[in-house]
Asker: 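This is the structure I want to talk about, given as structure tokens.
Hydrogens, waters and symmetry mates play no part in the numbers below; they use all other heavy atoms, side chains included. For reference, positions follow the sequence shown, starting with 1. Counting convention: from 1, in listed order, for ligands and their atoms alike.
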Amino acid sequence: MMSMQYRTPSRLSRPLSVIGQGCWQIGADWGEVTDDSARAVLDAALEAGITFFDTADVYGDGRSEQLVGAMRTRLAESGGAEAPFVATKASRRADPFAPETFTEQNLRAWVERSRQNLAMDTLDLVQLHCPPPAIYREDRVFDVLDALAEEKKIAAWGVSVETCQEALLSLEREHLASIQIILNPFRLKPLDEVLLAAAEKGVAIITRVPLASGLLTGKFSPSSQFAANDHRSFNRHGEAFDQGETFSGVEYETGLTAVARLEQALDGEMPLAEASLRWILAQPGVTAAIPGASSGEQARRNAAAGSAPTAEQEAVLERFDAAVHETYDELLRETIHPRW
Ligand SMILES: NC(=O)c1ccc[n+]([C@@H]2O[C@H](COP(=O)([O-])OP(=O)(O)OC[C@H]3O[C@@H](n4cnc5c(N)ncnc54)[C@H](OP(=O)(O)O)[C@@H]3O)[C@@H](O)[C@H]2O)c1
């Protein structure tokens, strides 16, 4: 079996598996995920060497955190491996677009609830969950996070951002440990400045939506159907939350054309999903990619992309990289680059 790689950004000081498990799906916010299939995702991830799980207090209104917490407890009781690293998120349990929501009282209550859901005294990492831009310029929220760290309720804090500008603003915070940002073959702007700036400070870069909500697996077609409660049905134009979170902000048909070009460059030598994940991990400054999965099999396949590439794989990835930049410049840059 190929073995998972681990990276240790200095501001986190704990190793993260380069493939982390995205746990939005197991909250069952999009499509049905039974408790059994949620557990199958988590078990497959653990077995494949994943030691990093990304969740949020709002995923399934706490269900995702509780499932991850139960997994931690099961592991601890079996007396086996070191506890996995769990990143959660706070700040979307009240109006997430209103800076007034971000009170000390609310932040403390949300962190308290996550500690209970996850059954952890000290949360490994709490990320602000895409707060409104004004929050990045104010000290008050970051002061509360620092206080929570001093009280050992949390070990570290970070931000999940929508835009590169927000990422750069957050980097001015001395105690920022991580930035979660969208980076994938359809989202190249973080390569301009953000990755390097974060690396210089030892801030972890956690790349989300690495498969552009599944588009970058090549499994979709013009006739693909999505359930009514799946954001790939109802948020294509940002109706419910930021448009960039669905298919990475790429218009669906354009995305299919871009996928066909990338598949052509790969010429069957590597599956597109694996190439996309390996390409992300090869960008200097990236700590981990966190693909979501709706089955254990998907989690297993994604985890396999966390091994060190062989010389043959590197040659394929070099060709892929050229196609990624060409496709982005010709089909995507104009709509994606100015916005995120
Ligand atoms: N604001 C935020 O902070 C924020 C926002 C979004 C996501 N996230 C985090 O980032 C994680 C990843 O983002 P994401 O889940 O939205 O997008 P993603 O990882 O780009 O796409 C996940 C979807 O891709 C498909 N997929 C994954 N692996 C596959 C494989 N090996 N073969 C075939 N299909 C596969 C599945 O689709 P099907 O469901 O069709 O099987 C899965 O639901 C989330 O789970 C969450 O932890 C954070």
Asker: Return the closest protein heavy atom for atom 41 (O) of ligand 1 as residue, atom name and distance.
Answerer: S294 OG, 2.7 Å

Asker: Taking the six-membered ring of Y252 (Phe, Tyr or Trp), confirm whether the NZ or CZ of R236 is under 6.0 Å from its centre and within 45° of its axis.
Answerer: yes

Asker: Any chance you could measure W279, atom CH2, to L183, atom CG, to the nearest 0.5 Å?
Answerer: 5.0 Å

Asker: Where on A56 is there a heavy atom closer than 4.0 Å to ligand 1, on the side chain, on the backbone, on both, or on neither?
Answerer: neither

Asker: Is there a polar contact between ligand 1 and T55, counting only N or O atoms under 3.5 Å apart?
Answerer: no

Asker: With respect to Y328, which candidate in R333, K189, H337 satisfies the side chain to side chain donor-acceptor pair (under 3.5 Å) definition?
Answerer: H337

Asker: Using the side chain to side chain donor-acceptor pair (under 3.5 Å) rule, pick out the option among T55, T88, D57 that qualifies with S64.
Answerer: T55

Asker: Write out the residue and atom name of the closest protein heavy atom to atom 17 (O) of ligand 1, then the distance separating them to 0.1 Å.
Answerer: V209 CA, 3.6 Å

Asker: Under 4.0 Å from ligand 1, counting heavy atoms only, is it the side chain of E245, its backbone, both or neither?
Answerer: side chain

Asker: Please round to the nearest 0.5 Å and tell me the distance separating atom SG of C164 and atom CZ of R187.
Answerer: 8.0 Å

Asker: Just heavy atoms, cut-off under 4.0 Å: does E297 contact ligand 1 by side chain, backbone, both, or neither?
Answerer: neither

Asker: What do you reckon, are the aromatic ring centroids of F220 and F226 less than 6.0 Å apart?
Answerer: yes

Asker: Below 6.0 angstrom between ring centroids: does that apply to W110 and H129?
Answerer: no

Asker: Side chain, backbone, both or neither: which part of Q180 comes within less than 4.0 Å of ligand 1 when only heavy atoms are counted?
Answerer: side chain

Asker: May I ask whether Y59 has any heavy atom positioned less than 4.0 angstrom from an atom of ligand 1?
Answerer: yes

Asker: Considering only non-hydrogen protein atoms, determine which one is nearest to atom 24 (O) of ligand 1 and report residue, atom name and distance to 0.1 Å.
Answerer: G214 CA, 3.3 Å

Asker: Starting from atom 3 (O) of ligand 1, what is the nearest protein heavy atom, named by residue and atom, and what distance separates them?
Answerer: S160 OG, 2.7 Å

Asker: Please check if atom CD in Q264 has more than 12 non-hydrogen atoms from other residues, nucleotides or ligands closer than 6.0 Å.
Answerer: no

Asker: Just going by heavy-atom distances, which of S64, A293, G292 is nearest to atom 27 (C) of ligand 1?
Answerer: G292

Asker: Among all protein heavy atoms, pick the one closest to atom 11 (C) of ligand 1 and tell me residue, atom and distance.
Answerer: I290 O, 3.1 Å

Asker: Taking atom CD of Q165 as the centre, does the number of heavy atoms from other residues, nucleotides or ligands within less than 6.0 Å exceed 12?
Answerer: no

Asker: Do E274 and R278 meet the salt-bridge criterion of a basic N to acidic O distance under 4.0 Å?
Answerer: yes

Asker: For the 3.5 Å polar cut-off, considering only N or O atoms, please tell me whether P291 and ligand 1 meet it.
Answerer: no

Asker: P210 near ligand 1, heavy-atom distance under 4.0 Å?
Answerer: yes

Asker: Identify which of R208, Q25, R301 has a heavy atom lying nearest to atom 14 (P) of ligand 1.
Answerer: Q25

Asker: For ligand 1, note which part of T217 has a heavy atom under 4.0 Å away: side chain, backbone, both or neither.
Answerer: side chain

Asker: I want to know if ligand 1 touches F220 in the polar sense, i.e. an N/O pair below 3.5 angstrom.
Answerer: no

Asker: Whether the side chain of Q283 engages the backbone of V286 through a donor-acceptor N/O pair (distance < 3.5 Å, no angle test) should be reported.
Answerer: no

Asker: So, does Q21 sit close enough to ligand 1 that a heavy atom of it is under 4.0 Å from the ligand?
Answerer: no

